[in-house]
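What's counted below: heavy atoms across the whole structure, side chains too, no hydrogens, waters or symmetry copies. Every chain is numbered from 1, with letters handed out A, B, ... down the list of sequences.
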Number of protein chains: 2
Amino acid sequence: MKKISEKSIERLILYRRILGNLLTENQSKIFSHQLSRLTDVTSAQIRRDLMVTGYSGSPVHGYDVEALLKSICDYIDTPGDQGVAIFGLGHLGRSVMGYFNTRQPRLKIKAAFDTDPDKVNRVLHGIRCYRTDQAKDIIETQNISVGILAVPQRIAQDVATLMVNSGITGILNYAPTRLELPPQIYVENRDMILAVEKVAYYSKKNNT
Amino acid sequence: MKKISEKSIERLILYRRILGNLLTENQSKIFSHQLSRLTDVTSAQIRRDLMVTGYSGSPVHGYDVEALLKSICDYIDTPGDQGVAIFGLGHLGRSVMGYFNTRQPRLKIKAAFDTDPDKVNRVLHGIRCYRTDQAKDIIETQNISVGILAVPQRIAQDVATLMVNSGITGILNYAPTRLELPPQIYVENRDMILAVEKVAYYSKKNNT
DNA sequence: TCATGTGAAGACATTCACAGCA
DNA sequence: TGCTGTGAATGTCTTCACATGA
């Protein structure tokens, strides 16, 4: 499998979603310039990204939506399912559940964890909440590799360490903190405050 | 003012936060390699980023935390405050409030908007919630330029259009949708589902 | 000696532009 | 004709490596 950039991966994931939408609308063919409008990615970039998947479109009819979708999935996905766990069932954790629960066949939220006794053993959106100290058992037995860190900043590092010790290998970190973890763990930072500051910077730029 | 990349801006914002933390811990000097450990950015990159601010450190004592902090702020910030508004007071909107309300002197959440009558006129974290159709008035009178879009995907586009019509020039979009808006509007996409899929891809990569 | 600031090199990502094909 | 796939060119970002100065 060829080397591919992080940005290309993000775009492939985006294309996949859009193609999925098109399929439910019964659109069966699409050209790169049409996909370009739907994604804000140039058509040359799209064609370049699709090269890695090995799929080829037709210069006459463009891409077959279903076949291309399958090709991207084959490229991105591993065989079998991947479990996801949410750490922290405050507002953020619950909002992730809300956005997530729509479709996503292959990625599944299998458990949530919180220390608050009022939340433990409750079931939200069909997901049971466990005590944080039960994480290791549950993660091992349920094939969970992805963890969403949605706890207050104060305890983010400790919970992240626990996640890694429990077997999580990829973390989506919403807390405004850099985590110190072993290098083989993948961490995606989605620092909520930094995002607002960035928008503030650029929103003002545009006015000038 | 020199041209600077989006990534550099993100890093400068990050440095600023870390420096703020150091200041409250009474650390007054720092070397680029120390800042490197705190940020996961190489020291060469840090020095390169700092060039644009015009601040110079001393090869003997490194950077003066307070002076560097001020220099970065001068570079990033506009004079005066910038108002922020949250659209959608579901779990996500409220979690943004929670993370935000800690410090942030210059950026201030000034209003929230929702269509749900149960939420309108309530005050959370000191922020009043208004009806969405009151947005234009309030945004114009309160100097609000940044909008956080935290509504369900279904209505994201409509609310975004309304935000722009009300005078918002920068949008932080959490919904898993690409927004179609005039090109002068800055949009930062923080697609929550895409983020999980990306982590899933890389968490599995690391195992192999 | 040791860290900064920076020109130059290198690595990486995007766009151009066109051959090939139906 | 009009789109795909892709080599080559361009553009952008990061790292190297060293002169400089205390």
Taking [atom1] from [X] and [atom2] from [N], how many angstroms apart are they, rounded to a whole number?
X	N	atom1	atom2	result
B:L50	C:dG5	CG	P	7 Å
B:M51	C:dA8	CE	P	13 Å
A:K29	D:dC3	NZ	P	15 Å
B:I46	C:dA3	CD1	C1'	13 Å
A:I9	C:dA13	CD1	P	12 Å
A:R37	D:dC3	CZ	P	12 Å
A:D49	D:dT6	CG	P	13 Å
B:E6	D:dT14	CD	P	12 Å

Next on the checklist: Counting only heavy atoms not in A:E140 (residues, nucleotides, ligands), do more than 12 fall under 6.0 Å from its CD?
Outcome noted: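 Atom CD in A:E140 is crowded, with more than 12 foreign heavy atoms closer than 6.0 Å.
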Tell me whether the side-chain N/O atoms of [X] come closer than 4.0 Å to OP1 or OP2 in [N].
X	N	answer
B:R47	C:dG7	no
A:T42	C:dT15	yes
A:S5	C:dC12	no
A:S56	D:dT4	no
B:S32	C:dT4	yes

Checklist entry - Looking at B:R16 and B:L69, what are the two nearest heavy atoms and their distance? => result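 Looks like O-CD1, 3.4 Å.
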Checklist entry - So, does B:E10 use its side chain to make a donor-acceptor pair with the main chain of A:K198 at under 3.5 Å? => result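 Answer holds: no.
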Next on the checklist: Looking at A:V41, is its backbone amide N or carbonyl O close enough to the side chain of A:S36 to form a donor-acceptor pair, meaning the two atoms are under 3.5 Å apart?
Outcome noted: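 Yes.
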Item to check | base_contact_polar (D:dT6 base, A:R48 side chain, donor-acceptor, <3.5 Å) | outcome: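 Side chain to base: no pair below 3.5 Å.
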Checklist entry - What is the ring orientation for B:Y186 with A:Y202, classed by angle as parallel under 30°, tilted 30 to 60°, or perpendicular over 60°? => result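 Ring orientation, 0 to 90° scale: parallel.
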Item to check | Of A:V60 and B:F31, the one whose closest DNA chain C nucleotide lies more 5' | outcome: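 It is B:F31 whose nearest nucleotide is closer to the 5' end.
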Item to check | Position toward the 5' end of DNA chain D (nearest nucleotide), A:I30 or B:P59 | outcome: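 Of the two residues, A:I30 wins.
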Checklist entry - Just checking A:H33: base, sugar-phosphate only, or nothing, at a heavy-atom cut-off of under 4.0 Å? => result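 Contact class for A:H33: sugar-phosphate only.
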